[in-house]
Structure formats: C-alpha cells, structure tokens
Amino acid sequence: MRILRIFIALTLILITNNTISAQSKNTVINEPVAIKELVNKKKQVNTSTIVNDKYKIQIFYGKNSDANAAISRFKRSFPSTNATIIYTNPSYKVLVGNYKTRLDAERNLKIIQKEFDNALLIYPGK
C-alpha cells in the first residue's frame, strides 16, 4: 500500500511538472526598427541589380566610397540612364545602361567614355 501511494505521488508530481515547464505556443520577436530598414534597403538593392542577358557599361571598379562618387557623377551627367552598384569580392562595380544589342551599347559607350575614360562594355548574362 505504501508503494502504491509513493507511485501515485510521483506520477502526479511528474504530470504537474511537465505542464508547468511546457513552452507556450506564441513567440514574439522584437526587432529594432533599424533592422527592418536595412532589410528593406537590401530588398531594393537586390531588385535593382538583376543580372540579365543585356549589355551594360562598367564605368568604375574599386572602393565603395569611390563607387558612390562615380555613380553620383554619372547620374548628374546622364540622368536618363540607369546605374547600379554591384559588389564583387573585394571591390565594387558601377554598371550603367541596359542595352539589348551590342550596337546600341557601343554607341553609348563612345559617349560615356568622353567623361569616364575607363568605361568598358560588358555582357553580364554570361
């Protein structure tokens, strides 16, 4: 009889201990606003740097600060042409334009080379 009482007491203790220490189903994650802003900026960068099968002109290759200066200088000179910065380890590239044919790209390359001497034509799709 004493063994039965001890068994029942231990069983009740184990059952109540299990329900007390169980985790709740609701998990709340509190992340700072700065993290959300960074994630949104990363999404914008990823959508603007889609590599496709069109010709582009590379006007700069180097450090991030110099790449930002080059892209702002390019946007002042050629506001209607799109430009993006792409990171390729360990440097940054500034790619401009989105040309379907090589002929269009070469025509614009001649114009861009007047201001950016090191500009070159690339085909990022391959």
Side-chain angles (χ1 to χ4, degrees):
M1 190 73 165
R2 186 174 176 200
I3 296 175
L4 183 61
R5 285 186 203 159
I6 294 173
F7 179 75
I8 291 173
L10 286 175
T11 306
L12 288 174
I13 290 171
L14 289 174
I15 290 172
T16 56
N17 188 25
N18 190 22
T19 57
I20 291 172
S21 65
Q23 295 178 357
S24 65
K25 293 181 183 178
N26 298 333
T27 303
V28 178
I29 299 173
N30 295 323
E31 62 182 16
V33 177
I35 300 288
K36 290 180 182 180
E37 291 174 0
L38 285 173
V39 169
N40 289 334
K41 286 181 182 179
K42 178 68 174 166
K43 286 179 186 177
Q44 289 174 352
V45 167
N46 284 344
T47 57
S48 68
T49 60
I50 296 173
V51 176
N52 52 25
D53 60 346
K54 296 184 179 181
Y55 290 92
K56 295 186 181 284
I57 298 171
Q58 178 179 318
I59 62 167
F60 179 80
Y61 182 82
K63 292 189 291 185
N64 185 26
S65 58
D66 297 336
N68 288 326
I71 198 168
S72 63
R73 190 175 118 207
F74 178 82
K75 286 183 178 181
R76 280 193 305 271
S77 300
F78 305 96
S80 62
T81 306
N82 63 343
T84 58
I85 297 176
I86 296 178
Y87 177 73
T88 55
N89 196 15
S91 298
Y92 292 83
K93 291 180 183 179
V94 178
L95 302 178
V96 300
N98 204 13
Y99 308 104
K100 289 184 180 181
T101 64
R102 185 177 179 101
L103 185 62
D104 290 338
E106 287 178 354
R107 285 180 187 151
N108 286 308
L109 177 63
K110 294 295 180 191
I111 296 168
I112 292 171
Q113 278 181 335
K114 292 176 183 174
E115 225 174 293
F116 296 91
D117 299 335
N118 297 328
L120 57 104
L121 183 64
I122 61 170
Y123 188 68
K126 291 191 176 189

K.L.:
For the atom pair NZ (Lys75) and CG (Asn82), what is the distance rounded to the nearest 0.5 Å?
P.N.:
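Result: 8.5 Å between the selected atoms.
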K.L.:
Going by heavy atoms in the side chains, are Asn118 and Tyr61 under 4.5 Å from each other?
P.N.:
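Not touching, per the 4.5 Å side-chain cut-off.
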K.L.:
Measure the spacing between OH of Tyr123 and NZ of Lys54 and express it to the nearest 0.5 Å.
P.N.:
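Separation between the atoms: 10.5 Å.
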K.L.:
Can you find a heavy atom in the side chain of Ile112 that is under 4.5 Å from one in the side chain of Phe74?
P.N.:
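Counting from C-beta outward, Ile112 and Phe74 do come under 4.5 Å.
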K.L.:
Taking all non-hydrogen atoms of both residues into account, name the closest pair between Ile86 and Leu95 and its distance.
P.N.:
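So the two residues come closest at CD1-CD1, 3.3 Å.
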K.L.:
How long is the straight-line distance from CG of Asn64 back to OH of Tyr87, given to the nearest 0.5 Å?
P.N.:
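Tyr87 atom OH to Asn64 atom CG measures 9.5 Å (nearest 0.5 Å).
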K.L.:
Under 4.5 Å between any side-chain heavy atoms of Tyr99 and Thr81, yes or no?
P.N.:
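Side-chain contact under 4.5 Å: yes.
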K.L.:
Between Glu37 and Asn40, is any pair of side-chain heavy atoms under 4.5 Å apart?
P.N.:
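No - every pair of side-chain heavy atoms lies 4.5 Å or more apart.
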K.L.:
Could you measure the distance from the CG atom of Leu121 to the CG atom of Asn108? Nearest 0.5 Å is fine.
P.N.:
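That separation rounds to 10.0 Å.
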K.L.:
Which heavy atom in Tyr55 sits nearest to a heavy atom in Thr101, and how many Å separate them?
P.N.:
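Looks like CD1-C, 3.7 Å.
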K.L.:
Given side chains that start at C-beta, do those of Ile85 and Lys93 come closer than 4.5 Å, heavy atoms only?
P.N.:
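Result no, sub-4.5 Å side-chain heavy-atom pair not found.
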K.L.:
Under 6.0 Å from the ring centre and within 45 degrees of the ring axis: does the NZ or CZ of Arg73 meet both conditions for the six-membered ring of Phe116?
P.N.:
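Cation-pi check for Arg73 and Phe116: passes.
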K.L.:
Taking all non-hydrogen atoms of both residues, which atom of Ser72 and which atom of Ala69 are closest, and how far apart?
P.N.:
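Taking every non-hydrogen atom into account, OG-O, 2.9 Å.
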K.L.:
Counting C-beta onward and ignoring hydrogens, is there a side-chain heavy-atom pair between Ile59 and Glu115 closer than 4.5 Å?
P.N.:
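Not touching, per the 4.5 Å side-chain cut-off.
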K.L.:
Check whether more than 12 heavy atoms from other residues, nucleotides or ligands sit under 6.0 Å from atom CG of Asn68, and answer yes or no.
P.N.:
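Yes, CG of Asn68 has more than 12 neighbouring heavy atoms, counting only those of other groups under 6.0 Å.
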K.L.:
In terms of heavy-atom contacts, does CD1 of Ile3 have more than 12 from other residues, nucleotides or ligands at under 6.0 Å?
P.N.:
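No, CD1 of Ile3 has 12 or fewer neighbouring heavy atoms, counting only those of other groups under 6.0 Å.
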K.L.:
Check Ala67 against Val94 and note the closest heavy-atom contact, atom names and distance.
P.N.:
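So the two residues come closest at O-CG2, 3.6 Å.
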K.L.:
Does the Gln113 side chain pair with the main chain of Ala119, one donor and one acceptor, at a distance under 3.5 Å?
P.N.:
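Yes; judged by distance alone, with no hydrogens or angles, the pair exists.
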